[in-house]
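Quick notes on the structure that follows.
What you see is a predicted model, and the numbers here were worked out from it, not measured in a lab. The chain is numbered in sequence order, starting from 1.
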Amino acid sequence: MVGFPPDEEIDLYEEIKFEPNVMCEPIEKRITFRSSQLEDGDIICFQRSLVTSEEDIHRFPDVPSFLDYVHNRQIVHFRRLDKPKEDDFCLELSKLSTYDDVVERVAQQLDLDDPSKIRLTAHNCYSQQPKPQPIRFRGVDHLSDMLIHYNQTSDILYYEILDIPLPELQGLKTLKVAFHHSTKDEVSVHSIRLPKQSTVGDVINELKTKVELSNPNADIRLLEVFYHKIYKIFPLNEKIENINDQYWTLRAEEVPEEEKNIGPQDRLIHVYHFTKDASQNHMVQNFGEPFFLALREGETLADVKERIKMKLHVPDEEFCKWNFAFISLGRPEYLQDTDIVYTRFQRRDVYGAWEQYLGLEHSDSAPKKSHQANHNRHTFEKPVKIYN
């Protein structure tokens, strides 16, 4: 039937089952079907008998190994992480392929000498996006573990080519820091990569080598910003390992001279921009870049307004349209020029200090999605330069 010579030696196997796992056993040719428990409907597979020297040259030398291959065969679509919607190439792999097997095949496809510079990210079947966290070096045993997402199986993996081996990179922490220049209307974004046991002070020292300062001795602080509010000033001795820059913005800036000379009775207050959304029952909506202001005892709102106008470089014809309010827990209390602002910020131990702030009410004139050059600093859509 298959064209073998009449004297060709063949081996017989019974395919007992294919799912969920392959079970295929050899059949002894010298005994009867009854003795082998073979019945109508049973599947018999055969192959040409191989001598020992031939077994090493075949990828699947016998029927059981070939059926295992077919059962575990998996076509995987690989996509670049920075182009998550486009297939880059496909590879035929086995679900039983180890982590090393997979990255070696990817490295071969990309003509890359060092497979350890490949970093893979699994696919989220629900969002149809890469998972937020990449696969750690040898963090899974087999390809099947990379493709499973809860009770669903994907056939997509994302890859990156790193500049250093992944095991080395995993010992480091990379933070994306937006540096706001004190005198220029621009923001530069820098990737700072340091050992995980490094401190915020180490981040600042590294950042100083990458940015232009107003003077060589300028002090820099690192802030945590989320939805246009400042939630934290990081202590210099805080370890960077647990700092999250995925959801919060890390902002670095020079400490203004007026804050360095703050007196024991002065207050460092939060200042945020806001509008009131008529479609949402006039709820306060923050926007733009938040900042700190050193508040002196006895200062009136008129005094504070003049300092803010100079700090933000707002033209007189526009600044006169702004309203100012003391806001606590989202409720604005509008202020008059003669009000002593200091009296609104008497308590130092307020929980959630970011929810008690001086609000600057004006229209949000910044473009929403583009970072076009804009010379009015108060619009807070400064040009952004990204450095990797």
Mind telling me whether [Y] and [X] have parallel, tilted or perpendicular rings, with 30° and 60° as the class edges?
| X | Y | value |
| --- | --- | --- |
| Tyr272 | Tyr357 | tilted |
| His181 | Phe179 | perpendicular |
| His362 | Phe287 | perpendicular |

[Y]/[X] salt bridge by N-O under 4.0 Å criterion:
| X | Y | result |
| --- | --- | --- |
| Glu28 | Arg30 | yes |
| Glu306 | Lys311 | no |
| Glu299 | Arg307 | yes |
| Arg193 | Glu168 | no |

Examine the side chains of Gln74 and Glu92 and answer whether a donor and an acceptor come within less than 3.5 Å of each other. no
What I want to check is whether the side chains of Asp11 and Ser49 have a donor and an acceptor closer together than 3.5 Å. yes
With a 6.0 Å cut-off (strictly less than), is the heavy-atom count around OH of Tyr150, excluding the residue itself, greater than 12? no
Is atom CZ of Phe33 surrounded by more than 12 heavy atoms (other residues, nucleotides or ligands) closer than 6.0 Å? no
Regarding Arg59 and the six-membered ring of Tyr69, is the cationic atom NZ or CZ under 6.0 Å from the ring centre and inside 45° of its axis? yes
Solution key, residues 323-339 side-chain donor-acceptor pairs under 3.5 Å, sequence neighbours excluded:
unit_1 : atom_1 : unit_2 : atom_2 : d
Asn323 : ND2    : Glu361 : OE1    : 3.4
Glu333 : OE2    : Arg344 : NE     : 3.0
Glu333 : OE2    : Arg344 : NH2    : 3.0
Tyr334 : OH     : Lys276 : NZ     : 3.1
Tyr334 : OH     : Glu361 : OE1    : 2.9
Tyr334 : OH     : Glu361 : OE2    : 3.4
Asp337 : OD1    : Lys305 : NZ     : 2.9
Asp339 : OD2    : Gln336 : N      : 2.7

Heavy-atom check, side chain of Glu254 versus side chain of Ser214, under 4.5 Å: yes
Measure the shortest side-chain to side-chain distance between Ile240 and Glu238 over non-hydrogen atoms and say whether it is less than 4.5 angstrom. no
By salt bridge (Lys or Arg N to Asp or Glu O under 4.0 Å), which residues pair with Lys260, not counting sequence neighbours? Asp219, Glu257
Show me, pair by pair, the donor-acceptor contacts under 3.5 angstrom made by side chains of residues 133-141, not counting sequence neighbours?
unit_1 : atom_1 : unit_2 : atom_2 : d
Arg138 : NE     : Asp100 : OD1    : 3.1
Arg138 : NE     : Asp100 : OD2    : 3.3
Arg138 : NH2    : Asp100 : OD2    : 3.0

Sole candidate of Leu110, Val103, Thr121 that passes side-chain contact (heavy atoms from CB on, under 4.5 Å) when paired with Tyr159: Leu110
Indicate if Val70 and Met23 have the same hydrophobic cluster label, given that clusters are the connected sets of ILVMFWY residues with side-chain heavy-atom separations under 4.5 angstrom. no
Interatomic spacing from SG in Cys24 to CG in Asp68 - rounded to 0.5 Å: 8.5 Å
